[in-house]
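Every chain is numbered from 1, with letters handed out A, B, ... down the list of sequences.
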Amino acid sequence: MSVEPEVPIVQVEEVRENPVLYKIISSDNHVFTISEHAVKLSKTLWDLITNLGLTAENALDNPIPVENVNGKNMETIVQFCERHKYDEEEPEYTNYIREFVLPEWDRQLLSIDNEELFQLILATNYLDIQKLMDYCCRVIGDMAKDKTPEELRIIYGIPTDAEDDALERSASDSPGPSG
Amino acid sequence: MTCPPSLLNMPDVVMNIILKKVGVQSVQVLRKVCRDLRNFIEEHKSESYIDQATLAIDLDSVHLGFPFNSIVVKYKKHEKGCRVICQKTYNTTEKNLDNSDFLETALNDFKVIMKSQKNGVEFFNICFKLFTLDDIGDQELIAAGFREKLEKSLQSWDHPVPVRRIIIGAVNQTEVMSILRYLDPKLLENVEMSASRYVDSIPMEIDKIMETDQWKNLKTLKMSGLIVLVPLKHFSHLTTCSIFRKSLSGDELTELRNTFQHSTSLNSMEVTYQFLNKSDICNQLGLPTVTQDFLGTKIETWEVGVSPNTLRFTLVPKERGYAFIIRKIPIQKTVPSRIFLDDFKIIMKNQKSAVGNFQVHFHLFKDHDFRNEELLETKFLEMWRQSVQQWGHLIPVKELIMSTVSEQEVMSVLPYLDSEFLESIDMFDARYVESFPINTDRIIQLKQWKNLKTLKMNHLIVSCPLEQFSHFSTVSIFRTSLTGEELTELKEVFAKSTTLTSMELTYSSINKTEICDQFGQPCKTHDEMSRNIKTWETRLPHSTLQISLVRKEKNYVFRLQKYPQQEAVKCPADK
């Protein structure tokens, strides 16, 4: 009995791919390659590319330095953009609570600790990636669902007003540089 | 020193997006987390999306409901103050608030929640249930107290209450006004009011309501159990309106008609009357068309042309009164069926040879509205007839397949088919579960009928004499019962007819002894589905008639087949 060779799934991207690639360098000097369709999701990067006049021929010779984003976040961002580069525009939700469900793949991608998540949000905000921003905020929102203020304080690492006051007092009590 | 990123040091833009996405409920929780967050939320008023809200005011409690996640917060009067009970899908939390009034607390919470709502709430329900069986006299006094508190709270809002559709349970104008005038007139489109405390319909004044901007911008109004006495012209700016009135007299009818005639927006109106004067209506509108809905309720309909529209008046009994429904139906406006008929005409215009098979199906069938079904059908058939009559030629068709239930439907198609081409008809009943009798008196008079060769009528019971089928070659029909007379008739038809070769008759009841009397004992065989078949054979001049009888579901299928003499098939038992 012959085992039929596994038929490779033809990747739609390969068929549709316009093989224009760009190079991005993160703040800690990691180099990433990203396709044209994917990079378009970031308004900041795409504006930069058009302003620099990068074309298919010279794109790989001119890596784009992104000072504000480290390699770890950039990796997540590149993965996300490549995944969603052919997405159709989503409808404007009027009720996020009811209508919006985060896809499983993205939920996995964004299963990172709070500090990383907020860092990612800052990077996303800088690179202006609407969809990733939506998804990250959604994750933050899901954390807050059905929680009491005390629980949220712990989740988001927020000091109570009393602690806050104490902190401020001790700061003002301690001698300043001029004192 | 740089802090690790956290919710508190997010840029404002990011914070706003987060707040928008976490949902109203979580924003309320976040407000309580710390000063910074609360200040941010108060300051930025990040947009919230509430689509439904309920505020039900009882004598000793208030329910505040936001149906997303099914949250109901109940504010109950308590000896020390107010008890807040929050019911969510899976858990209930309770809390006592000392020295606070339950109504004020509820209204304040409502205000806070609605603060950042910019879009109109699609559906807002407010009900004054103030109801006590102990001391009926005090009720209105208590109601006044509640109203004042509500108004005081609504006055303190810094924006009008954004609501698209409001449902108010109230009993008088003051109660309605205590909420209505605080709603955003630019958003409010739809008002529904009903009597919340009394069973019987009660009169209500609406003069102050009519002066508000909210009233002037309304599109839909529904008032149930509240009788209004103002002139009907005050409702002419609405598109849809449903109200209660005292009695339908001739004057009232004139007023109704005038209102419709002068209004450009009014499309339909349902007025519930306690009394009516039938002769006044008939004097003005003539005699009604009477139909029945599926429950057997009598429906009377009148139609009056008021250029460029038709006004359709429908009268149906409703509880202890009558519902009088007026609808404006544009005549000139192109309706889908009209477009279809025109298209069909164009397509068929140059068709000279016969269409092999032409199918007509009447699916005039709506689950939710039986009342209009027949009227719709009559109207459509009328349009169809008018259209086909203008064709200038008959429709060339060889075979007609039609799902139908009435002679009227058949008669609106069959006479327009070219009898020179038409050879075969296949009719069946697609609307009823049981077989259904159909009248064929007018059908059998048609030239088209007389030229037919094949006929199939499924689940439609015909009762005309069998000789009407003698000119066919193949016939399949449904009949009621197979009696001795019917058998004689069948035999005669076969003996006389020169064309008829086979006939299949489905009966709901048969008389076996009569069959045996006429044809003798049957021989029994089985068919491929191992059903019992009884067969007979009988001689006709120049031919043999083979007969079989099979049970099929609840019916009996009686099949007759004519063979020329020499080819007669022998019954196996004879060998």
Side-chain angles (χ1 to χ4, degrees), chain A residues 68 70 73 92-100 102 112-165 167-168 171, chain B residues 1-41 46-53 66-71 86 88-91 93 95 117-123 164:
Chain A
N68 297 8
N70 65 22
N73 286 327
E92 182 69 29
Y93 292 107
T94 53
N95 189 334
Y96 282 89
I97 302 279
R98 222 184 281 166
E99 296 166 25
F100 187 84
L102 202 64
I112 44 180
D113 73 39
N114 271 6
E115 198 181 315
E116 285 172 340
L117 186 61
F118 282 117
Q119 264 175 4
L120 182 64
I121 289 183
L122 288 175
T124 308
N125 184 44
Y126 171 70
L127 294 176
D128 201 353
I129 306 167
Q130 185 62 43
K131 190 163 198 147
L132 182 55
M133 192 61 159
D134 275 2
Y135 282 18
C136 287
C137 292
R138 179 72 214 169
V139 174
I140 303 267
D142 282 346
M143 279 181 209
K145 215 186 246 177
D146 296 326
K147 299 286 192 317
T148 62
E150 285 69 30
E151 286 168 321
L152 286 187
R153 213 167 270 147
I154 296 160
I155 290 171
Y156 294 135
I158 297 165
T160 59
D161 288 347
E163 283 169 5
D164 216 20
D165 288 347
L167 208 72
E168 261 175 43
Chain B
M1 185 189 91
T2 50
C3 300
S6 81
L7 186 67
L8 286 183
N9 51 28
M10 287 290 115
D12 283 4
V13 186
V14 179
M15 194 66 179
N16 262 323
I17 300 175
I18 294 176
L19 288 179
K20 193 169 153 187
K21 282 191 190 160
V22 297
V24 192
Q25 195 190 347
S26 301
V27 170
Q28 294 312 314
V29 180
L30 283 170
R31 260 184 88 246
K32 294 188 183 169
V33 168
C34 72
R35 246 183 336 219
D36 288 350
L37 274 174
R38 190 178 61 226
N39 292 344
F40 185 89
I41 291 166
S46 63
E47 209 172 325
S48 65
Y49 296 96
I50 295 172
D51 60 355
Q52 292 189 27
F66 294 95
F68 54 80
N69 288 0
S70 332
I71 308 162
C86 179
K88 285 190 214 162
T89 327
Y90 299 112
N91 60 338
T93 44
K95 199 175 183 181
Q117 175 76 19
K118 288 183 186 123
N119 293 38
V121 176
E122 284 304 330
F123 187 95
R164 259 179 230 292

Engaged part of L37(B) at the chain A interface, taking heavy atoms whose separation is under 4.5 Å = side chain
request  = Could you pull out the closest heavy-atom pair between M133(A) and V14(B), with the gap in Å?
outcome  = CE-CG2, 3.3 Å
query = Could you walk me through whether T148(A) and K32(B) pass the side-chain contact (heavy atoms from CB on, under 4.5 Å) check?
reply = CA-CA 9 Å; T148(A) 62; K32(B) 294 188 183 169; over 6 Å; no
task = Quick one: pull up CG in N125(A) and CE in M15(B) and give me the separation to the nearest 0.5 Å.
result = 13.0 Å
key: Residue pair I121(A) / M10(B): nearest heavy atoms and the distance that separates them   = CG2-SD, 3.8 Å
